[in-house]
Amino acid sequence: MSITTEVRPEPSVPPRSARGRVPGLSADRSVRSLLLVAALLPTAALVFLTYQMVKTAWPAVIFNGVSFFTTKTFTIGNLYATGTEVHHGYTAAKGASYGILPLVFGTLVSSFIAVTLAVPVSVGGAILLAERIPVRLQGVLGTFLELLAGIPSVVFGLWGVYTFGPVLSRTVFKWIAALHIPWFGGPAGAGQGLLTASLVLAVMIVPIIAATTRELVRSVPSISKEGAVALGLTSSETVRIVTIPFIRTGVVAASILGLARALGETIAVLIISGNFLNAFPHSIFDPFSTMASTIAAFLDSALTDSTGMAVHSLAEVGLVLLVITLVANLAGRMLTRRFSGAGLPVGRGV
Amino acid sequence: MIDTPAQVESRPTAPSVPAPEVPRQPRPERHPEEGTPDPVFRVKDLSFYYGPHQALRDVSIDIGAHEITAFIGPSGCGKTTFIRCLNRMNDLIPGARVEGEIDFEGRPLYGADIRAIDIRRRIGMVFQKPNPFPKSIYDNIALTPRRNGVKKSELDGLVEESLRRASLWDEVKDKLQQSAFSLSGGQQQRLCIARAIAVRPDVILMDEPCSALDPVATFRIEELMAELKGDYTIVIVTHNMQQAARVSDRTAFFTVDVSDQGRVGVLVEIGETSNIFTSPEDQRTEDYITGRFG
């Protein structure tokens with residue numbers, strides 16, 4: 001008996017612990033659960049945030065009903081007047097009316113203009129940066145792009161309201177207004193308004209879209225570009241035929257990121273928009289307001305509303321903004337999926 | 001004792017390739033007049049530099065019309081660099097520099113009055129991996145001719161003809177509007193050959209066209225090359241010596257010359273493929289083809 005145990009060779013597999021597990025497996029498990037927590041945290045945060053928003057906004061949802069989306073006047077009412085407004089069992093200050101139609105309009109239009117302007121600039125700039133410029137300059141210009149992304153939005157706001165807007169309104173806006181195109185006419189104003197805000201938003205989201213696009217352009221296989229060059233195509237044709245189809249999906253995703261940023265931008269828009277409430281702008285130069293900037297503008301006085309309905313309504317505005325942003329993201333995802341279907345080599349080997 | 005200095009000398013450079021032995025006979029003149037009466041390319045003393053690094057030294061070669069010329073040799077010997085000199089693809093690399101002469105159909109390829117874009121329309125290229133455009137099968141073929149001014153009414157015919165010549169027509173004729181990426185690797189590579197043919201070039205350069213393909217697809221490409229050589233001059237770089245032996249009329253053997261100046265690609269010899277593989281003139285060629293290195 002003892003001889004057999006002596007002769008038995010050393011086990012080549014690592015010794016197992018008492019519970020029959022390979023050592024290191026438990027470490028593996030703890031790392032996995034740690035990663036699982038890290039992965040679930042963003043989801044948990046979003047769920048918790050949404051829950052809190054819905055909870056805070058709920059009285060306003062009942063109080064305002066559909067008129068929240070169909071009326072134009074947004075006022076928290078006269079906080080010092082006697083009497084209250086009562087709807088569906090909920091009370092608000094006298095004269096309070098919460099209609100966000102112009103705010104939704106302002107948010108969507110300013111963000112849409114900003115993305116429309118920013119995408120071609122970003123894509124063009126990124127292709128230039130990644131392909132046409134000598135490598136030494138690429139680093140310098142790329143750094144500037146990243147710095148642009150890091151500028152606080154309040155600085156953009158101040159720059160827009162004191163420098164960019166006034167200069168534009170004295171020059172470019174006047175020329176555009178002189179063309180008398182509907183929606184692009186009328187007085188050019190002092191530079192606080194929809195177009196200035198959209199332009200500043202565009203400047204703010206260009207680095208987001210451009211930095212992503214630059215990486216996409218760099219990831220286009222050089223052998224694919226060489227295929228075009230070897231056929232005698234010019235470099236601009238190569239960009240059109242090879243580079244752009246390759247990066248299209250990613251550019252859509254990057255644009256959605258930029259759009260989300262523009263939709264939610266608060267302080268810069270608040271400074272530049274002119275904070276014009278209760279009506280739609282008549283031209284692209286007119287002051288306007290967005291959902292995000294209105295929340296910031298009203299929050300201070302809303303906290304003094306003893307009925308609490310002002311805060312509830314601002315929460316409802318925030319909830320609508322959240323939904324719009326999520327819908328934009330989902331739509332972007334669906335677009336991305338459609339674009340990457342036939343015709344694109346995403347996820348397919350050669 | 002006589003050998004010792006040579007061994008000591010060769011050690012610091014740590015060659016992965018054995019230091020070239022003394023040839024059995026004086027190096028042959030690398031400009032053989034026989035075999036290429038009317039060369040498409042006439043290359044004389046070509047040296048190539050990537051910045052300060054020399055990649056090729058004094059390559060002289062004639063490439064005959066309607067022949068398949070194969071370039072073989074170990075990795076890093078400059079075969080690919082050389083073939084990319086022939087359609088000026090190396091122009092794209094910053095710091096790259098060509099010395100020496102390349103005449104293409106009697107005119108200097110790197111002449112001041114020659115545009116690289118015009119050259120590349122006459123000298124097609126097929127790459128190591130299939131690289132179709134991210135477009136439909138039809139557009140992959142039709143795009144360049146359309147841009148070069150081929151009439152719309154002639155495009156359908158040209159697409160069919162090119163695909164037939166690349167023996168791909170029967171496999172794709174019912175799905176011309178599908179993405180080129182829906183094809184298999186071998187089909188994609190034949191699509192790339194069809195794309196090159198559609199421009200009606202004089203020469204097709206193939207840089208290891210089968211290195212990413214399985215044996216069946218490789219066989220089809222080789223068959224195709226044999227069919228195409230009646231109309232085109234074909235130059236192929238290959239790592240596969242059997243492939244060179246199977247398809248080519250003439251074979252050029254390149255190797256790496258290791259010296260104090262570094263590793264430089266050189267042309268050892270060029271000749272009829274049957275001669276190169278049965279009775280090479282240079283010892284280094286024989287070492288390579290018999291598998292002693294590389």
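Each chain gets a letter, A, B and so on, in the order its sequence line appears, and its residues count up from 1. These values consider heavy atoms only, across backbone and side chains, with no hydrogens, waters or symmetry-generated copies. Not measured: the values here are computed from a predicted model.
Screening A:Ile244, A:Val242, A:Thr243 against A:Phe246 for a side-chain contact (heavy atoms from CB on, under 4.5 Å) leaves a single residue, A:Val242.
In this structure, chain B has heavy atoms under 4.5 Å from both the backbone and the side chain of A:Glu226. Proximity to chain A (any heavy atom under 4.5 Å) is restricted, for B:Leu92, to the side chain, taken from C-beta onward. Contact of A:Thr234 with chain B is made through backbone and side chain together, with heavy-atom distances under 4.5 Å. For B:Arg195, the parts lying under 4.5 angstrom from a heavy atom of chain A are both the backbone and the side chain.
Considering only heavy-atom pairs separated by less than 4.5 Å from chain A, the leading option among B:Asn87, B:Leu143, B:Ile119 is B:Leu143. When the candidates B:Arg122, B:Gln189, B:Arg84, B:Arg147 are compared by the number of heavy-atom contacts under 4.5 Å with chain A, B:Arg147 comes out ahead.
Taken to the nearest 0.5 Å, the CZ atom of B:Phe127 stands 4.0 Å off from the CE atom of B:Met89. In this structure, B:Arg120 CZ and B:Asp118 CG are separated by 10.0 Å, a value rounded to the nearest 0.5 Å. Between the CG atom of B:Leu224 and the CD1 atom of B:Ile234 there is a distance of 7.5 Å, given to the nearest 0.5 Å.
Remark: B:Arg107 CZ is loosely packed, at most 12 non-hydrogen atoms of other residues, nucleotides or ligands lying under 6.0 Å away.
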